[in-house]
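Read the numbers this way: they start at 1 and go in the same order the structure lists the ligands and their atoms. Not measured: the values here are computed from a predicted model.
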Amino acid sequence: MSAILARLVNPVVWRIPGHGARKLFEFSLAEHGSMLDLKAAARLTPSADRRAAYVRHLLDETRHAQMFALRSAELRKRAGLESLGFPNADTEALFEKLGEVGFLAFVHRGESRGRQQFETYRDWFARQGDDRSRALFEAILQDEKQHESYTWELLVELTGGESAARAELRKAVLWEAWRTWRRAGRFLAEKLYFVLMLVLYAMLAPFRLMAAVMRPAKPGWSLPSAEGQVDAGERPALPAPSRTNA
Ligand SMILES: [Fe+2]
Ligand SMILES: [Fe+2]
């Protein structure tokens with residue numbers, strides 16, 4: 001699905017001036033996000049072998065983030081633009097949320113999707129004669145294939161068989177759909193709040209105008225009316241303090 005989508009949008013995505021560099025930077029951000037999730041996995045897994053695998057994986061993702069950010073900066077420099085810098089992604093605490101099996105299913109699906117998408121981009125740049133971008137995707141693809149296969153092996157090992165592993169992948173599909181739905185809901189709620197506030201603001205504008213006409217603002221400082229009328233010489237004397245024995 002992601003490969004088909006990538007194939008369809010390729011002619012547009014990479015040809016809009018400035019868009020290619022931003023797209024590469026988005027990849028860099030995604031790689032950095034994966035690295036943070038794997039860092040948590042390496043810290044929390046009870047298995048020394050899996051910790052080693054997660055550390056290897058996170059080092060790959062760190063390198064991918066750098067490679068994408070660098071290529072993005074090259075393209076922006078060529079267009080006379082500032083680099084977007086190094087990505088700084090957020091973490092969703094996926095390992096803590098999903099547990100190790102759920103996390104592996106989620107990562108495996110992500111790796112598989114990424115591999116298909118990157119294959120499409122590699123082929124696109126090869127056809128366009130952009131050897132530098134083709135080589136970038138080709139190099140990253142070697143790692144992504146390995147990530148896809150080792151996460152599957154671990155998933156099978158932890159669930160006890162291929163059919164149980166496939167059931168976990170189906171659960172991951174449902175969880176991702178739920179997450180997308182919630183994100184879309186949050187996005188719509190934010191937009192709706194903005195529109196409602198705008199309408200409220202427009203509705204209150206005539207009242208603000210009426211208030212301005214009825215009580216025009218005076219320039220300069222002013223004291224509250226009661227205080228302003230009391231002359232310094234006429235201030236009432238304060239009662240003398242009385243002593244009390246405690
Ligand atoms: Fe990667
Ligand atoms: Fe990966």
Validation row, ring centre Phe95 to ring centre Phe106 under 6.0 Å: no

Short N-O contact, Arg170 and Glu176, less than 4.0 angstrom: no

Ring geometry between Trp14 and Phe137 (parallel below 30°, tilted from 30 to 60°, perpendicular above 60°): perpendicular

Derivation and outcome, side-chain hydrogen bond (donor to acceptor under 3.5 Å, both in side chains), residues His147 and Asp60: CA-CA 9 Å; His147 299 161; Asp60 287 345; 2.8 Å; yes

Side chain to side chain contact (heavy atoms under 4.5 Å, CB included) between Tyr54 and Leu154, worked out: CA-CA 11 Å; Tyr54 297 148; Leu154 284 186; 4.3 Å; yes

Whether over 12 other heavy atoms sit under 6.0 Å from Glu82 CD: no

Protein N/O/S count near the Fe ion (ligand 2) (criterion: distance under 2.8 Å): 5

